[in-house]
Amino acid sequence: MLSYRHAFHAGNHADILKHYTLSIVLDYFNQKDKPYSVIDTHAGAGMYSLADDFSQKNMEFETGISRLLSAQTLPKPLTQFVAMVQSFSQAEKLNFYPGSPKVSEYFLRANDQLRLFELHPNDYKILVNNFKGESTLVKVEMQNGFVGIKACLPPPSKRGVVIIDPPYEDKQDYQYVVQSIKESLKRFATGTYIIWYPLIPKQEPEKMINALRQLKVNSWLNVSLNITKPLGNGYGMFGSGLFIINPPWILPSVLEESLPILTKLLGQDSNASYQIESEIR
């Protein structure tokens, strides 16, 4: 199934949680001089114009990144995140929102590597164009990331961040995530794996998280952000979460400081809440 286009949702609450957390992880990796690789299994288009028809249809960025931009006071990590997002747009105006490929590129240094996989033909063309003329350290492939990741692990530097963010259009994506993580850990047990998932009134996300917990990795963190109450019809995303394997040790404390603020800014009713649980060794 290749109908999903992330441009409809660019800059929404789920993007904020995902990309803010990713920015913290990559900033932490940059504290060491040793190079690292970022592997993005479902890269999307890489950059999104908030003025095009896709973004304008639902204008989800208005209840997402726009609320952060208009906030009066933010803690330093969130302030840095907003500055990163704004760096892709004209001064004082939000024209574009970066997807995870461009967020990753923002943090990468001269010797780091970025591997991007995207299977949707239209998004792949846009992704290639968004990285046209970039360093040879960025490689873009039109391939199923669940398959392509196998050849990337372990990365040459033995340091790496893997972003797994499928659209979950196909219910089997939940199973593919678990299987991909199992196989990836055999190749690269020390890698940091960031797995995004939707909060929906169905059992699949919870089953996936439970299966990931049962892998018995040494360190993990699970963070979720609810923005509203679940719809009674059994459909609709009411929040999102990230399950992170081998997270930086600083991540729980940074998120504990930030999530109350994000919940207040991005919440759509009194049911807005967040949860952070971790086991880091």
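Residues passing the salt bridge (Lys or Arg N to Asp or Glu O under 4.0 Å) test with Glu62, sequence neighbours excluded: none. For Glu277, the salt bridge (Lys or Arg N to Asp or Glu O under 4.0 Å) criterion is met by Arg213, not counting sequence neighbours. Looking at residues two or more places apart in sequence or on another chain, you find a side chain to side chain contact (heavy atoms under 4.5 Å, CB included) between Thr21 and Leu17, Leu242, Ile244, Leu251, Leu255.
You'll find the ring centres of Tyr36 and Phe29 inside the 6.0 Å limit. You'll find the ring centres of Tyr97 and Tyr48 outside the 6.0 Å limit.
Panel note: side chain Arg67, backbone Leu265; a donor-acceptor pair is recorded below 3.5 Å. Without hydrogens or angle criteria, Glu118 side chain to Gly44 main chain gives a donor-acceptor distance under 3.5 Å. Side chain of Asp112 to main chain of Arg109: a donor-acceptor pair is present (N/O by atom type, distance under 3.5 Å, no hydrogens or angles). Ser180 contributes no side-chain N or O that, together with a main-chain N or O of Val177, makes up a donor-acceptor pair within less than 3.5 Å. Although no hydrogens or angles enter the test, the distance criterion places no donor-acceptor pair under 3.5 Å between the side chain of Ser23 and the main chain of Phe81. The backbone N or O of Phe96 sits less than 3.5 Å from a side-chain atom of Ser89, completing a donor-acceptor pair.
Expressed to the nearest 0.5 Å, how far SG of Cys152 lies from CZ of Phe117 amounts to 3.5 Å. For the atom pair Ser224 OG and Gln275 CD, the distance stands at 5.0 Å (nearest 0.5 Å). One distance of note links CG of Asn144 with CG of Leu119; it measures 5.5 Å at 0.5 Å rounding. Between atom CG of residue Leu153 and atom CZ of residue Arg115 there is a gap of 9.5 Å, rounded to the nearest 0.5 Å. We find the CD-CD distance between Gln172 and Glu204 to be 11.0 Å, quoted to the nearest 0.5 Å. For the atom pair Lys18 NZ and Ile163 CD1, the distance stands at 8.5 Å (nearest 0.5 Å).
Counting heavy-atom neighbours within 6.0 Å of Gln268 CD, excluding the residue itself, gives a total above 12. Other residues, nucleotides and ligands place more than 12 heavy atoms under 6.0 Å from the CG atom of Asn30. Atom CD of Gln31 has more than 12 neighbouring heavy atoms from other residues, nucleotides or ligands inside a 6.0 Å radius.
When side chains are defined from C-beta on, Ile126 does not count as touching Asn129, because their heavy atoms never get closer than 4.5 Å. No side-chain heavy atom of Met208 sits under 4.5 Å from any side-chain heavy atom of Phe243. In this structure, the side chains of Tyr193 and Leu185 come closer than 4.5 Å at one or more pairs of heavy atoms. A heavy-atom distance below 4.5 Å is not found between the side chains of Ile164 and Ile194. The closest side-chain heavy-atom distance from Val162 to Thr192 is not below 4.5 Å. With contacts defined as side-chain heavy-atom distances shorter than 4.5 Å, the pair His42/Pro167 qualifies. Looking at Tyr168 and Trp196, their side chains come closer than 4.5 Å, going by heavy atoms from C-beta outward. Proximity of Val217 to Leu212: side-chain heavy atoms (C-beta onward) are nowhere separated by under 4.5 Å.
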- Between Ser184 and Ile149, does a side-chain contact (heavy atoms from CB on, under 4.5 Å) hold up when you go through it step by step? CA-CA 8 Å; Ser184 296; Ile149 189 177; 3.6 Å; yes
- Task: Just do the side-chain contact (heavy atoms from CB on, under 4.5 Å) check on Leu22 and Ser104 with the steps written out, would you?
- Result: CA-CA 8 Å; Leu22 174 62; Ser104 298; 3.9 Å; yes
- Take Val161 and Tyr28 through the side-chain contact (heavy atoms from CB on, under 4.5 Å) test and state the conclusion after the steps. CA-CA 11 Å; Val161 178; Tyr28 179 82; over 6 Å; no
- Check the pair Met84, Val103 against side-chain contact (heavy atoms from CB on, under 4.5 Å), reporting the backbone distance first and the verdict last. CA-CA 8 Å; Met84 182 273 295; Val103 173; 3.9 Å; yes
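The cationic atom of Lys202 (NZ for Lys, CZ for Arg) does not lie both less than 6.0 Å from the six-membered ring centre of Tyr174 and within 45° of the ring axis.
Taking all atoms of both residues into account, the shortest heavy-atom contact from Pro154 to Phe188 is CB-CD1, 4.0 Å. Here the closest heavy-atom approach between residue Asp15 and residue Gly11 is recorded as OD2-N, 2.8 Å. Residues Pro98 and Val85 approach most closely at CD-CG1, 4.0 Å, considering heavy atoms. A pairwise comparison of heavy atoms in Gly46 and Asn130 identifies C-ND2, 4.3 Å as the closest pair. Considering every non-hydrogen atom in both Ser37 and Pro155, the closest pair reads OG-CB, 3.5 Å. Closest of all the heavy-atom pairs between Pro247 and Ile280 is CG-CD1, 3.8 Å.
Screening residues 243-264 for salt bridge (Lys or Arg N to Asp or Glu O under 4.0 Å) gives no qualifying pairs among residues at least two apart or on separate chains. Counting only residues at least two apart or in different chains, salt bridge (Lys or Arg N to Asp or Glu O under 4.0 Å) contacts with residues 24-50 are absent. Listed by first then second residue, pairs satisfying salt bridge (Lys or Arg N to Asp or Glu O under 4.0 Å) with a partner in residues 173-191 read Lys150-Glu183, not counting sequence neighbours.
If you check the side chains of Thr228 and Asp269, you find a donor sitting under 3.5 Å from an acceptor. No side-chain donor-acceptor contact under 3.5 Å links Ser240 and Tyr197.
Linking ILVMFWY side-chain heavy atoms closer than 4.5 Å, directly or via other members, places Val147 and Leu116 in two distinct hydrophobic clusters.
With respect to Ile195, the side chain to side chain contact (heavy atoms under 4.5 Å, CB included) criterion is satisfied by exactly one of Asp165, Thr41, Ile181: Ile181. Screening Leu225, Ile65, Ile261, Thr63 against Leu266 for a side chain to side chain contact (heavy atoms under 4.5 Å, CB included) leaves a single residue, Leu225.
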